[in-house]
Each structure stands twice: as structure tokens, then as C-alpha cells.
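Protein chains get the first letters and strands the later ones, always in sequence-line order, with residue 1 at the start of each. Just so it is clear, the values below take in all heavy atoms, side chains as well, and ignore hydrogens, waters and symmetry mates.
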Amino acid sequence: KAGVTQTPRYLIKTRGQQVTLSCSPISGHRSVSWYQQTPGQGLQFLFEYFSETQRNKGNFPGRFSGRQFSNSRSEMNVSTLELGDSALYLCASSLQRGDYNEQFFGPGTRLTVL
Amino acid sequence: DAKTTQPPSMDCAEGRAANLPCNHSTISGNEYVYWYRQIHSQGPQYIIHGLKNNETNEMASLIITEDRKSSTLILPHATLRDTAVYYCIVRGTGANSKLTFGKGITLSVRP
């Protein structure tokens with residue numbers, strides 16, 4: 001069974017631009033969560049999607065948004081990029097909500113904002 | 001905020017058991033202890049979780065004290081590939097609960 005895939009793996013943007021990251025969960029998984037990882041703040045929860053609806057949200061500004069499609073694939077968008085948005089963005093999928101013992105993480109997208 | 005406290009780092013010799021401690025003195029009755037690890041440049045990987053009984057799987061053992069205020073993750077025969085950051089996480093049940101990662105402990109396995 002294929003794992004969680006994230007595209008692109010690396011991305012370079014400039015301040016003020018916007019970016020869209022993609023996550024394809026493991027086949028059959030319906031919950032997708034997004035995390036931001038930086039050296040200073042560590043791994044922080046962004047949001048969770050299930051059945052095309054945002055179910056849970058972390059403490060991030062409205063510039064961070066996401067969506068989930070009917071096939072459970074998810075995208076996250078960051079608008080008006082700031083230097084501090086440079087981070088590794090991780091996506092994780094699980095069969096159901098709260099089923100963290102079966103939560104599988106993707107390799108991440110490394111975003112650099114110049 | 002993370003509800004756990006872990007030392008920042010530790011090391012062990014290859015082939016020996018690695019015992020990774022975690023304090024969670026404010027854990028409540030319905031909260032589980034989860035362990036994940038993150039090998040450099042990869043996404044976190046689930047290891048094990050438990051409520052109050054000791055647990056074992058093919059990767060590790062989890063020992064939870066009787067008062068549940070601390071736990072130890074045991075890697076019975078550490079290898080170089082076990083070098084990683086290990087996160088101890090306390091999480092409640094329910095669909096809205098989420099993983100809150102702390103700083104973790106960096107385990108270095110030396111040859």
C-alpha cells in the first residue's frame with residue numbers, strides 16, 4: 001500500500017506570494033491533518049480535515065487555509081507569505097478521526113520563503 | 001502546550017537497550033501516552049501507545065508507572081537506525097483530540 005505522498009517536496013517562494021501544497025493520503029484514509037515544523041517552534045498542528053470539512057484547527061492566522069476533496073486528497077494554502085513561514089509542512093492521514101495510533105506522516109514539503 | 005517533559009538528549013551503545021523517560025505528572029484518567037519518533041528529514045513515525053498497562057510491539061515496549069505520572073519507552077536492542085528525535089505525547093480520547101508535540105528527546109546511538 002502506498003504511503004502518504006506530498007508534493008512538491010521542495011519549494012522556494014518570495015515574501016508576499018502565495019503557495020499551495022498537496023497531500024494524498026493512504027488509500028482508504030479519510031482524515032488528513034497538517035503540521036508545521038520549524039526549528040524554533042517544533043511541530044505544530046495546523047488543521048484537520050475529514051469528509052471535506054475542517055474539523056479541528058490549531059492556532060495559526062487566517063493566511064493558512066486548507067481544503068479536502070471528495071477523494072480525501074487535501075491541499076493547504078498559505079497566502080501573503082512571510083519569512084517566518086519557512087518550514088517543513090507535514091501531512092498525516094488516518095482511517096478515522098482521532099485514530100492516532102494509525103496516523104501516518106508523509107515526507108513533508110520544505111518551503112523556503114526569501 | 002505539551003503536557004510532557006523529556007530530557008533534551010541521551011545516547012546509548014548499539015545493541016544495548018535504550019530507555020527513554022517521560023514525565024506527564026498532570027495526565028488525566030482518560031488520556032493516553034503516545035510515542036512517535038522522527039528520523040532526520042522524515043515525517044514522524046508512530047511507535048506505541050498505552051493507557052495504564054505496559055505495552056509491547058515489534059518496535060518497542062512502553063512502561064507506565066502505576067500512578068501514570070511517568071513512562072519509559074524501551075528500545076530493546078538499539079541500532080544506528082534508531083538515532084532520532086523521540087516524542088512523548090499525552091492525548092485524550094475523542095474525535096477532536098489532537099497530537100501536541102513537545103521538543104522531544106534526541107537519541108543518539110553510537111557504534
Item to check | Reported CG-to-CD distance for the pair B:L99 and A:E48, which is rounded to 0.5 angstrom | outcome: 10.0 Å
Checklist entry - Can A:Y10 be reached from A:V4 by stepping across I, L, V, M, F, W or Y side chains whose heavy atoms are under 4.5 Å apart? => result no
Item to check | Atom CZ of B:R16: over 12 foreign heavy atoms under 6.0 Å | outcome: no
Item to check | Euclidean distance, B:Y46 OH relative to A:F105 CZ, rounded to 0.5 Å | outcome: 13.0 Å
Item to check | Hydrophobic cluster identity match, B:L80 and B:I47, side-chain contacts under 4.5 Å | outcome: yes
Checklist entry - Should the heavy atoms of other residues, nucleotides or ligands under 6.0 Å from CG of B:D67 be counted, would the total exceed 12? => result yes
Checklist entry - Under a 4.5 Å heavy-atom cutoff, which of A:R55, A:Q6, A:Q37 has the most pairs with chain B? => result A:Q37
Checklist entry - What is the distance from atom CD of A:Q103 to atom OH of B:Y34, rounded to the nearest 0.5 Å? => result 9.5 Å
Checklist entry - Has A:R15 got more than 12 heavy atoms of other residues, nucleotides or ligands less than 6.0 Å from its CZ? => result no
Item to check | Residue part contacting chain B, namely of A:L90, when any heavy atom lies under 4.5 Å | outcome: side chain
Checklist entry - When rounded to the nearest 0.5 angstrom, what is the spacing between OH in A:Y35 and CZ in B:F101? => result 5.5 Å
Checklist outcome for this item: Bottom line for B:Y87: the part with an atom under 4.5 Å from chain A's heavy atoms is side chain
Next on the checklist: With heavy-atom distances below 4.5 Å as the criterion, would you say the side chains of B:T100 and A:Q44 are in contact?
Outcome noted: no
Item to check | Approximate separation, where rounding is to 0.5 Å, of B:Q42 CD and A:L88 CG | outcome: 11.0 Å
Next on the checklist: Please check if the number of heavy atoms outside B:K69 that lie under 6.0 Å from its NZ is greater than 12.
Outcome noted: no
Item to check | same_hphob_cluster(B:I89, B:Y32) at 4.5 Å side-chain heavy-atom cutoff | outcome: yes
